[in-house]
Amino acid sequence: MRYLALSLVLLAMLCVQTGCAASETQPAPVPDAGAGPAQGYTPLTPDNDQSKIDQEVVRELQDNHYNKIKLDNQFSEKFFKAYLDDLDGTHSVFLASDVKRLKREYGDELDDQLKSGNLTAAYAIFNTYQKRRIQIDQWALNRIKQGLGTLNLDDQESFKVDRENAPWPANADAREKLWTKQLENQVIDLRLNDIKPAEIQKRLTQRYTNELKQLRQAEPTDAFSVYMDAYTHCYDPHTDYFSPRRYEDFSIDMNLQLQGIGAELRSKNGYAEIVRLIPGGPAAKSGKLKPTDRIIAVGQGKKGDFTDVIGMRLDETVQLIRGKAGSYVRLQVSPSDNGQTKTITLKRAKIKLKDQEASSQIIHVKRNGTDHKIGLITLPSFYNGTAEDVKKQLIKLKKDHVDAVILDLRNNGGGALGEAMQLIGLFMNSAPGVQIQDADGNIQVLGDRNNGAVYTGPLAVMTNRLSASASEIVAGALQDYGRALILGSQTFGKGTVQTLLPLSSGQLKLTEAKFYRVSGKSTQDRGVTPDITYPSAIDPDKIGESALPNALPYDTIPPTAYPSSDTLQKLLPTLKKEHQERIAHDPDFQYLVQRIELARKQSDQNTVSLDINTRRKEQQQLEDKMLALANAHRKATGKTPYKDYKAFEDAQDADATSGDNGNKGETKDTLPTQPTGSTSSDKIDAYETESANILLDLIQAYHSAQQGHKKAA
């Protein structure tokens with residue numbers, strides 16, 4: 001069930017995307033197609049003001065959106081497909097006959113209905129989905145009531161998990177066979193998590209009862225919202241319609257007032273899926289969660305019963321997860337790497353500004369008998385006061401006589417643009433930082449005016465796939481200047497600017513401009529490519545701007561005048577060669593890379609066996625591989641191997657819970673309990689240690705080059 005599609009931040013409860021749109025005409029009745037009646041089904045009809053809001057949204061997008069799109073039959077077909085996919089992302093609810101009928105009636109009518117405020121198609125399609133989904137849940141509850149022993153759990157068939165491009169079921173019988181497989185897969189998942197049969201029956205009954213309750217309680221605003229979102233997202237993924245309720249949640253998020261675990265969620269195919277971990281929050285500090293993990297159940301306290309949340313509205317799932325600071329919540333999570341479902345206990349907390357603040361420490365690296373000090377500044381977000389805080393850290397590190405500085409922007413989703421400009425100015429004399437082009441082609445150049453850089457020594461910036469927006473602007477500018485080495489993985493690729501426009505009811509978040517680097521390259525879609533790349537646990541095909549439908553394309557504009565140096569680029573071949581030679585023998589780095597490769601292979605599996613014995617064997621093989629990797633790493637680092645997989649898991653949990661204080665357990669590249677490369681009070685991961693080594697290589701290569709010039713002279 002994907003019609004709750006937007007991200008929602010738990011610590012602050014961001015926008016919950018619900019429903020569809022509305023019309024002044026009574027929607028047509030939905031044929032049964034031999035699937036039986038949908039008990040408790042009441043077709044929705046539009047609210048009185050929704051036609052007016054529809055026309056307002058259309059007018060604003062046509063007049064002010066960066067992407068100029070013509071509303072015609074071609075757009076109508078695109079919108080029709082997007083609307084159906086938002087409602088039924090797994091192509092398992094609508095029947096093929098439904099899709100054929102709805103396309104015949106409305107496939108090329110949506111553009112005209114949008115312009116006139118006619119919401120007939122919006123509600124006809126939404127009501128069809130509602131009725132079909134109710135029929136499915138009624139069937140599932142009846143099947144569960146018959147007893148789970150009627151299901152075949154040693155079936156030699158397989159179940160396709162990713163059905164986004166699969167055909168819709170041909171008829172009710174084909175859909176029933178599909179959902180029988182779905183039910184068998186759900187039972188196997190729970191059995192593999194050592195949940196008893198009686199509890200499984202209870203959980204699944206609760207799951208489908210929850211869905212029925214939500215379907216029967218749907219309101220016109222739900223229908224209208226999903227319809228409007230499907231429309232706005234045809235322009236780009238960051239343009240959204242906010243109903244008054246959703247805008248209130250969005251405003252709360254921007255002020256970071258609510259308490260929870262600090263995770264950004266979205267509803268995808270009935271699951272609450274993690275999009276991002278908020279730096280400083282309990283979820284990030286635990287080191288046990290990562291993007292694309294799915295929450296399947298929530299328990300209150302350390303021992304409370306679990307409430308199944310599959311199929312539950314995202315806002316209601318969030319209400320279960322958030323709570324009083326200091327209280328505990330337990331999550332049952334289905335990992336994105338297809339690993340075993342796990343239970344995670346977190347202590348709720350209020351995410352405070354200080355949890356987002358810049359912090360620094362020193363990485364000690366010994367080379368040729370000499371202890372070198374590399375400063376590490378971690379910046380989780382761009383907030384008011386960012387530049388001043390980083391300046392203080394730089395001054396402190398300079399007093400400690402560090403040889404070089406690393407600015408870690410991994411997982412930094414952006415924030416205040418003005419702070420990003422001032423941050424660039426800490427490392428450069430007055431210079432432009434970014435170009436902004438509006439929908440009319442007008443270009444504005446922003447930068448920082450200062451009295452000189454605070455730090456002029458060797459510099460590296462670390463990025464990953466979750467470095468976005470302002471982080472990409474900073475990394476891109478420092479790379480274009482030749483001022484810093486960019487190390488890590490390709491950034492998110494969000495290079496668009498949004499503004500909020502008031503409507504007669506609710507708000508419209510609209511994309512009005514694009515960011516461009518001083519070199520004229522866009523950060524949109526492609527992000528920033530590192531000078532030296534580290535393997536990433538995040539699959540760019542699943543997370544990032546390029547993974548979002550209808551993302552605006554990459555393009556270029558003329559460069560602005562900016563200072564630059566080619567020194568780093570000339571030394572880059574040498575740095576890459578030394579990097580490759582070193583990591584080949586670095587057990588910490590190799591362990592991290594091998595775990596990433598294993599996780600990526602698991603997440604790439606789109607089908608699963610419906611034979612529980614096969615699944616148990618696969619689960620055991622995965623555990624054996626993880627244990628083997630861990631013990632190989634421990635042997636290479638002079639530590640005692642783990643006795644068994646449970647000992648390995650217990651050690652991970654103990655290591656992750658050290659994140660209760662500071663950021664010790666916080667993941668930097670979405671894998672828990674990464675190997676450390678330092679005895680510092682805050683853990684230094686393998687990538688930070690390697691970045692420090694690369695900076696030392698840079699210093700040595702630069703001095704060698706200087707000596708060569710002197711001899712030549």
Side-chain angles (χ1 to χ4, degrees), residues 3-23 46-69 71 79 82-83 86 114-115 117 119 122 126 218-258 264-267 275 313-315 318 413-417 436 438-439 468-469 494 496-514 548 550-552:
Y3 65 81
L4 299 175
L6 263 194
S7 306
L8 193 146
V9 178
L10 297 187
L11 66 94
M13 306 314 111
L14 180 54
C15 25
V16 178
Q17 188 165 346
T18 52
C20 215
S23 131
D47 283 345
N48 293 331
D49 61 345
Q50 289 177 347
S51 177
K52 178 182 178 182
I53 298 170
D54 171 295
Q55 291 176 296
E56 289 178 330
V57 172
V58 170
R59 184 170 58 251
E60 292 289 359
L61 289 178
Q62 288 289 290
D63 293 344
N64 299 311
H65 195 277
Y66 186 88
N67 194 14
K68 301 302 183 184
I69 292 180
L71 294 186
F79 178 23
Y83 187 24
D86 274 1
L114 280 168
K115 295 172 187 175
L119 298 168
F126 187 84
E219 300 173 351
T221 186
D222 297 324
F224 185 66
S225 291
V226 70
Y227 181 70
M228 281 291 97
D229 282 331
Y231 167 51
T232 59
H233 292 165
C234 285
Y235 280 75
D236 86 297
H238 305 292
T239 295
D240 300 293
Y241 164 70
F242 292 158
S243 67
R245 182 178 66 191
R246 280 179 53 196
Y247 179 65
E248 181 180 354
D249 288 335
F250 177 77
S251 299
I252 289 172
D253 173 64
M254 293 300 99
N255 291 300
L256 298 178
Q257 292 299 310
L258 296 183
E264 183 178 338
L265 300 183
R266 65 183 175 191
S267 182
V275 177
R313 286 173 60 117
L314 191 58
D315 53 350
V318 163
L417 179 61
I436 302 175
D438 65 22
S469 195
K494 185 183 181 297
T496 56
V497 184
Q498 284 72 42
T499 187
L500 278 172
L501 300 175
L503 303 170
S504 58
S505 178
Q507 302 271 335
L508 178 67
K509 180 161 69 76
L510 178 144
T511 297
E512 63 174 356
K514 287 176 72 173
L548 299 174
N550 302 315
L552 296 187

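On a predicted model such as this, the values are computed, not experimentally measured, just so you know.
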- Message: Show the nearest heavy-atom pair for residues S243 and S225, with the distance to one decimal.
- Response: CB-OG, 4.1 Å
- Query: So do T511 and H65 actually touch side chain to side chain, heavy atoms under 4.5 Å?
  - Reply: yes
- Query: Measuring from K514:NZ to N67:CG, what's the distance to the nearest 0.5 Å?
  - Reply: 9.0 Å
- With side chain to side chain contact (heavy atoms under 4.5 Å, CB included) as the test, would you mind laying out the steps for D229 and Y241 before giving the verdict? CA-CA 6 Å; D229 282 331; Y241 164 70; 4.2 Å; yes
- Return the minimal non-hydrogen interatomic distance between D240 and H233, and the atom names on each side. OD1-NE2, 2.5 Å
- Note on the structure: Minimal heavy-atom distance between Y231 and L61, with the atoms involved, is CE2-CD1, 3.3 Å
- Short question: side chain of D47, backbone of D49 - any donor-acceptor pair under 3.5 Å? no
- Task: Would you name the heavy atoms of Q62 and I69 that are closest together and state the gap between them?
- Result: NE2-O, 2.9 Å
Side-chain polar contacts of residues 499-506 - donor-acceptor pairs under 3.5 angstrom, sequence neighbours left out - could you list them?
| unit_1 | atom_1 | unit_2 | atom_2 | d |
| --- | --- | --- | --- | --- |
| S504 | OG | E56 | OE1 | 2.9 |
| S504 | OG | E56 | OE2 | 3.3 |

- Task: Go through the steps for D54 and M228 under the test side chain to side chain contact (heavy atoms under 4.5 Å, CB included), then give the verdict.
- Result: CA-CA 8 Å; D54 171 295; M228 281 291 97; 3.6 Å; yes
- Query: More than 12 heavy atoms of other residues, nucleotides or ligands under 6.0 Å from NZ of K115: is that the case?
  - Reply: yes
- Any chance you could measure Q55, atom CD, to L114, atom CG, to the nearest 0.5 Å? 10.0 Å
- What pair of heavy atoms forms the shortest contact from T239 to T232, and how long is it? O-OG1, 2.9 Å
- Would you name the heavy atoms of T496 and L552 that are closest together and state the gap between them? CG2-CD1, 3.8 Å
